[in-house]
Amino acid sequence: MRLQVEKPETNKQAREGSGWEVSAYSRPHRKEKVNGDLCYAKELDTRVLAVVADVLGHGEGAHHGAAVLAQALRRATCILQQTYSILEEAASRTRGCALFLGLLDRKSIEYILVGNIRGWVLTRKGTEVLIGQPGIVGKRILKPTIRRLELSEAALLLVCTDGIKRSFSPVDLQWFWEGAGVETARRVVERYGIAEDDASVLVGRRCV
C-alpha cells in the first residue's frame, strides 16, 4: 500500500510550503492480500496533516475500515481536535483503530497518539519518543491529548504500527538519515516487520 496523498505535490513544492516531505511503506499480513493499515498525508497550505491508522484485525474487514477512514479524511482541517472528531465518528462505523494524527509545520509538530502505534522524532542531538494514551478510537469516547514538539533543526518523524517488532528502536541507527524516506520506511518494515500482522511505517523529513 502506498502513502495516500489527497493533494499530490512535488517535493520542491512541499518544502516551500510545510517544510516536510512525508513518505510511507506498508504491507499486509502474510496470509492476506489487502491491508487494514492507513498511511495518509494532506497538504494544508503551510502544514502537512500526517495520519497512521491501524484498524483492528486483518483482511477485507480491516481494509474496508481503512477505506472508511480515508474517505473521512477528505473533510480534515488544520485543527487537530476537529479532525480527530471526524475520524472518531468514522471509526465508530468500523472495528475501531489505533491512531497517530499529526500536524507538521516548519517550527513544530502537534500530535494525538492513541493505542499501540509508536512514534519518534529524531534530530542530530537526540531522539524524542512520542507520548501516547490508551484506547481504541471509535469504540468508546475519549478525550484526546494534543501534544506539541518545537523544532529548530533538521528532523525525522517516524511512526509505526504494531506490526513492527517491539524490539525496534531508531535510536543510534545512522542509516535513518540516508536515502529517500520511502526507502527508510521499507527498510524498517522488511527488517522488523511481523509476518502475522499488517506492518506500516511513515517517515517525515523536515527540510531546513
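Note on V121 and V159: same hydrophobic cluster, where clusters join Ile, Leu, Val, Met, Phe, Trp and Tyr whose side-chain heavy atoms are under 4.5 Å apart, directly or indirectly. Cluster membership for I86 and V114, using ILVMFWY side-chain heavy atoms within less than 4.5 angstrom, is not shared. Hydrophobic clustering (side-chain heavy atoms under 4.5 Å, transitive across Ile, Leu, Val, Met, Phe, Trp, Tyr) groups V51 together with Y84. V182 and L202 fall into different hydrophobic clusters, where Ile, Leu, Val, Met, Phe, Trp and Tyr residues are linked whenever their side-chain heavy atoms come under 4.5 Å apart, directly or through other members.
A donor and an acceptor atom, one from each side chain of D37 and S200, are located under 3.5 Å apart.
Residues K125 and E153 share a closest heavy-atom pair of CD-OE2, 3.3 Å. Residues L69 and A53 approach most closely at CD1-CB, 3.8 Å, considering heavy atoms. I194 and K165 get closest at one heavy-atom pair: CG1-CG, 3.8 Å. Between V52 and I117, the shortest heavy-atom distance links the atoms O-CD1, 3.3 Å. For G163 against A199, the heavy-atom pair with the smallest separation is O-CB, 3.6 Å. Counting all heavy atoms, side chain and backbone alike, R27 lies closest to D197 at NH1-O, 2.6 Å.
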Pair up each side-chain donor or acceptor in residues 127-144 with any protein partner under 3.5 Å, not counting sequence neighbours, and list the distances.
{"unit_1": "Q133", "atom_1": "OE1", "unit_2": "T145", "atom_2": "N", "d": "2.7"}
{"unit_1": "Q133", "atom_1": "NE2", "unit_2": "K143", "atom_2": "O", "d": "3.2"}
{"unit_1": "K139", "atom_1": "NZ", "unit_2": "T94", "atom_2": "O", "d": "3.3"}

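Contact of the L44 side chain with the T77 side chain is not registered, since no non-hydrogen atoms from C-beta on lie closer than 4.5 Å. Residues L49 and L101 are in side-chain contact: their nearest non-hydrogen atoms beyond the backbone lie under 4.5 Å apart. A 4.5 Å side-chain heavy-atom check between F168 and L158 finds at least one atom pair inside the cut-off. Taking 4.5 Å as the limit, every side-chain heavy atom of Y25 sits out of range of all side-chain heavy atoms of C39. F176 is listed as a side-chain neighbour of V188, based on a closest heavy-atom distance under 4.5 Å. Residues L157 and W20 are in side-chain contact: their nearest non-hydrogen atoms beyond the backbone lie under 4.5 Å apart. Counting only heavy atoms from C-beta outward, the side chains of I164 and V189 approach each other to under 4.5 Å. Using a 4.5 Å cut-off on side-chain heavy atoms (C-beta onward), R205 and T184 make contact.
Residue L103 holds its CG atom at 11.5 Å from NZ of K42, rounded to the nearest 0.5 Å. Distance check, rounded to the nearest 0.5 Å: CD of E43 to SG of C78 gives 13.0 Å. Summarising the geometry, atom OG1 belonging to T123 is positioned 10.5 Å from atom CG belonging to L149; distances are rounded to the nearest 0.5 Å. Atom CD of E110 is separated from atom CD of Q81 by 11.5 Å, given to the nearest 0.5 angstrom. How far CD1 of I146 is from CD1 of I112: 4.5 Å, rounded to the nearest 0.5 Å. Between the CD atom of E196 and the NZ atom of K31 there is a distance of 7.5 Å, given to the nearest 0.5 Å.
With hydrogens and angles ignored, the 3.5 Å screen pairs no side-chain donor or acceptor of T83 with any backbone N or O of L80. Side-chain N or O atoms of R118 include none that pairs as donor or acceptor with a backbone N or O of D162 at under 3.5 Å. A donor-acceptor distance shorter than 3.5 angstrom exists from the side chain of D198 to the backbone of H29, with no hydrogens or angles considered.
Legend: residues meeting side-chain contact (heavy atoms from CB on, under 4.5 Å) with E150, ordered by chain and number and at least two apart, are S108, R148. A search for side-chain contact (heavy atoms from CB on, under 4.5 Å) contacts involving A62 returns V55, R95, not counting sequence neighbours.
Other residues, nucleotides and ligands contribute at most 12 non-hydrogen atoms within 6.0 Å of the CZ atom of R166.
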